[in-house]
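In this text, all values refer to a predicted model and were calculated from it rather than measured experimentally.
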Amino acid sequence: MTALGETWTVGWPEDQVRTAGAGAVALAVIGVCGAGDRQLEEALPVVRAQRWQALTRWPGSYLVVARSGPTLAVIGDLSAQHPVYFRREAAGTWWATSATALAALDGAPADPIALAAHLAFGQPDVLASRSLFRSVNRVPTGHLLQITPEGARTVRYEPAEYEPVSLRDAAPTVRAALAEAIAVRMDGRPVSADLAGLDSTTLACLAARHRPVTAVTFADERLRDDDLAYAQRTAAVVPRLRHYKVPGAQETVYYAGLDDVSALPFTDTPNAFAVSAAVKRTVLDTVIAHQTAPGVHLTGVAGDGLLSASPSYLADLLRERQHPRALHHAQGHARLRQTSVWSVLGRARPAARTGLADGWRQAAAELREAPRQWVPQARRPIAWTPLLATADYQPRRASPARRRPRCGGRRTDEAA
């Protein structure tokens, strides 16, 4: 990528690294991007005008590197599939999509405080620009890295809040976005997909519009779910879904194999999906057995997180005294979790009586106290920044003087 200075890629397929440029203006997209070569050329005036947000609207999941004269912009994606890290030095700024690679430049050690926070909260943006390595910074979600002769800084390009849109009005937009995202992945390779919950089933059916799909459902009686029944009903009415049941076994359980660290995938940060690696290997082995060549596999991972509201919205409804609406939504949550509506509302009531700053103070206080007695997450009170179950196993360091944890009034994306 000579037009983009000392920028290089490692291990990416050639067709997933594409560039366009003219003089002092250059653009590169790395990953699965729905923009054609002509669209990249037509985007050069956008780069020249530094309208960075417009470069993130193509379907797919990709990294953008753009240069407009002396200004370089590096833009990851909102889902953090392509994160961006950087470190400042006297000679300039290094950036990469791997924090480990930047830390390896001089053996920068891990940041134990950031690691503890990552394991306790599971919300990367709580750490703002802090990564898990000292001297390595992370570009927060919705921000880009801008490098100029004056130095490097993060700039927000995505709004923190959006105008509310009704479900009826938003549905066509979501439908079109999903269809486009699937279409750009139909590149001639064999296609397979999980066929389980609503999210993976949606993707599998969209892919089946284009070509036959090897659909797999992990069916273990110990899970006691109804995924297989719904998967069979779906496969019966969608002609191009070739459905296969993946039976469970003694070794296909969550947390299997975690005692052998060398067998786990190497990742920059602790990965929650490592606990289900044994199950996923079994599922993909079934796919491989029924396909003649390597292909693309679709899953519905993170669909709930993307399309579902955080449980804290119930606390918002109670705070705003929208009691009938809160009761209606609580009834839905109660049916889903097979509990009482009063239990759901009871979990939301503490957060309804406090704000974000006080919620952080409470979380900090809990982390200073003795570990909590373990209870399922679904029975814990709703919190603005909920502690994960892993927080229960973190050792507490005794302190001779308990200080009231401070919380500033700055925006969360600017917090240190």
Side-chain angles (χ1 to χ4, degrees), residues 78-80 83 111-132 137-143 154 156 158-162 269-273 275 302 304-320 326 329-330 333 337 343-397 399 402-416:
L78 292 177
S79 64
D111 183 338
I113 295 177
L115 178 59
H118 179 88
L119 294 176
F121 298 114
Q123 297 177 345
D125 284 340
V126 170
L127 301 174
S129 61
R130 201 166 181 169
S131 82
L132 300 188
N137 299 292
R138 184 184 70 92
V139 178
T141 303
H143 291 67
T154 59
R156 177 176 285 280
E158 193 72 18
E161 296 182 4
Y162 300 87
T269 60
N271 193 313
F273 296 106
V275 303
D304 290 340
L306 179 65
L307 298 175
S308 299
S310 166
S312 60
Y313 85 95
L314 290 174
D316 282 331
L317 295 177
L318 291 176
R319 179 186 294 102
E320 296 169 1
H329 283 258
H333 285 277
R337 291 168 176 76
S343 174
V344 173
L345 290 173
R347 291 181 58 230
R349 189 170 293 111
R353 295 171 176 171
T354 185
L356 178 60
D358 286 335
W360 283 352
R361 292 188 180 99
Q362 178 62 31
E366 288 188 38
L367 288 173
R368 290 173 179 267
E369 296 171 354
R372 305 170 300 180
Q373 181 179 1
W374 185 87
V375 296
Q377 198 73 22
R379 287 170 49 192
R380 296 190 187 279
I382 291 173
W384 298 114
T385 305
L387 298 180
L388 300 177
T390 47
D392 299 337
Y393 303 101
Q394 291 184 357
R396 270 58 164 177
R397 183 171 60 184
S399 175
R402 291 281 181 106
R403 294 184 300 173
R404 178 180 176 86
R406 296 189 302 168
C407 181
R410 295 179 293 173
R411 290 162 57 100
T412 56
D413 54 280
E414 298 171 347

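Panel note: side chain R347, backbone R380; a donor-acceptor pair is recorded below 3.5 Å. Side chain of H143 to main chain of T141: a donor-acceptor pair is present (N/O by atom type, distance under 3.5 Å, no hydrogens or angles). With R138 contributing its side chain and A128 its backbone, the two residues share a donor-acceptor pair below 3.5 Å.
Among all heavy-atom pairs drawn from L345 and A326, the shortest one is CD2-O, 4.1 Å. Between P140 and T154, the shortest heavy-atom distance links the atoms CD-CG2, 4.2 Å. Of all the heavy atoms in I382 and A351, the pair that sits closest is O-CB, 3.4 Å. Scanning both residues, S131 and D111, for their nearest heavy atoms gives O-CB, 4.2 Å. Smallest separation of non-hydrogen atoms from L127 and A114: CD1-O, 3.9 Å.
Evaluation of the side chain to side chain contact (heavy atoms under 4.5 Å, CB included) rule for R319 yields D316, W384 as partners, not counting sequence neighbours.
Remark: W360 CH2 to T385 OG1 distance equals 6.5 Å, nearest 0.5 Å. To the nearest 0.5 Å, the span separating CG on L356 from CZ on R361 amounts to 10.0 Å. For the atom pair CG of L119 and CG of L115, the computed distance is 4.5 Å after rounding to the nearest 0.5 Å. In this structure, CZ in R130 is found 10.5 Å from CG in N137, a value given to the nearest 0.5 Å.
Few gaps surround CG on L78; more than 12 heavy atoms of other groups in view lie less than 6.0 Å from it.
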Could you walk me through whether L367 and F121 pass side chain to side chain contact (heavy atoms under 4.5 Å, CB included), step by step? CA-CA 11 Å; L367 288 173; F121 298 114; 3.9 Å; yes
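Relative orientation of the H333 and Y313 rings is tilted, given thresholds of 30° and 60° on the angle between their planes.
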